[in-house]
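Structure, as structure tokens:
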Amino acid sequence: MSTRESAELLIEARWLLPIAPANTALADHAVAVSAGRIVAVGPSAAQRARFEIRERVVRERHVLLPGLVNAHTRACHTLLRGLPVRGPRWRWLTETLAPVEERCVSADFVRDGTRLGVAEMLRGGSPASRT
């Protein structure tokens with residue numbers, strides 16, 4: 001009987017750039033994933049020894065960033081999806097988006113749209129955002 005933990009996926013990369021600590025590049029590190037979530041980050045050899053892996057992806061010349069940062073979210077606009085987008089961008093902004101914002105946008109609208117946008121980002125793998 002194996003005493004190793006189970007992981008569905010182990011992604012090994014030449015370099016791993018974690019969110020924290022900032023300005024850090026970790027050489028020959030891996031990310032273990034189970035049930036769609038990151039369960040461990042550490043040196044590749046240690047992760048291979050720790051986990052019984054279903055699938056292993058090795059990227060010897062790649063950089064891996066395990067968390068994504070959505071730097072241009074417009075999360076408050078989440079509830080405005082579905083507006084028709086036609087013509088040049090400036091015309092759409094002034095003739096379509098601006099009038100809808102004037103009629104509909106309130107503090108509650110922005111709060112609800114932002115909450116929905118944040119939930120979607122988290123579900124999609126973006127644990128950090130800036131808007």
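A quick note: this is a predicted structure, and the numbers were derived from the prediction, not measured.
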Legend entry - Arg81 with Glu120: basic N within carboxylate O range, under 4.0 Å: yes

Inset, instruction - For the pair Thr24 (side chain) and Pro21 (backbone), establish whether a donor and an acceptor sit closer than 3.5 Å, ignoring hydrogens and angles. - result: yes

Inset, instruction - Applying side-chain hydrogen bond (donor to acceptor under 3.5 Å, both in side chains), name anything that partners Arg111, two or more places apart in sequence or on another chain. - result: Asp108

Legend entry - Arg4 and Phe51, any side-chain heavy atoms less than 4.5 Å apart: no

Inset, instruction - Report yes if the side chains of Val39 and Val33 come closer than 4.5 Å at any heavy-atom pair, otherwise no. - result: no

Inset, instruction - Identify the two heavy atoms, one from Leu80 and one from Phe109, that lie closest to each other, and give their separation to 0.1 Å. - result: CD2-CZ, 3.6 Å

Legend entry - Ile53 with Val41, same ILVMFWY side-chain cluster at under 4.5 Å: no

Legend entry - Same apolar cluster (I L V M F W Y, side chains within < 4.5 Å links), Val58/Leu64: no

Legend entry - Minimum-distance pair of heavy atoms, taken over all atoms of Gly117 and Thr78: CA-OG1, 3.4 Å

Legend entry - Leu116 CG to Cys76 SG distance, which is reported to the nearest 0.5 Å: 12.0 Å

Inset, instruction - Decide whether Val57 and Leu26 are clustered together by the hydrophobic rule: side chain heavy atoms of Ile, Leu, Val, Met, Phe, Trp, Tyr closer than 4.5 Å, transitively. - result: yes

Inset, instruction - Starting at CZ of Arg91, measure out to CZ of Arg89 and round the result to the nearest 0.5 Å. - result: 14.0 Å

Legend entry - Leu79 reachable from Met121 in the ILVMFWY side-chain graph, under 4.5 Å edges: no

Inset, instruction - May I ask you to decide if His29's main-chain N or O and Trp15's side chain share a donor-acceptor pair within less than 3.5 Å? - result: no

Inset, instruction - Decide yes or no for Glu55 and Leu10: does some side-chain heavy atom of the first lie under 4.5 Å from some side-chain heavy atom of the second? - result: no

Inset, instruction - May I ask you to test the Val110-Val105 pair for a side-chain heavy-atom distance under 4.5 Å? - result: yes

Inset, instruction - Measure across Ser6 and Ser34 and return the closest heavy-atom pair with its distance rounded to 0.1 Å. - result: O-OG, 4.0 Å

Inset, instruction - Grab the two heavy atoms, one from Ala30 and one from Glu12, that are nearest each other, plus how far apart they are. - result: CB-CG, 3.7 Å

Legend entry - With Asp28 via salt bridge (charged side-chain N to carboxylate O under 4.0 Å, His left out) - residues at least two apart: Arg14

Inset, instruction - Considering non-hydrogen atoms only, spot the tightest contact between Arg86 and Pro84 and give its length. - result: NH1-CB, 3.0 Å

Inset, instruction - Give a yes or no on whether the backbone of Glu8 and the side-chain of Arg54 come within a donor-acceptor separation of less than 3.5 Å. - result: no

Inset, instruction - For His77 and Ala75, indicate whether the former's side chain and the latter's backbone hold a donor-acceptor pair under 3.5 Å. - result: no

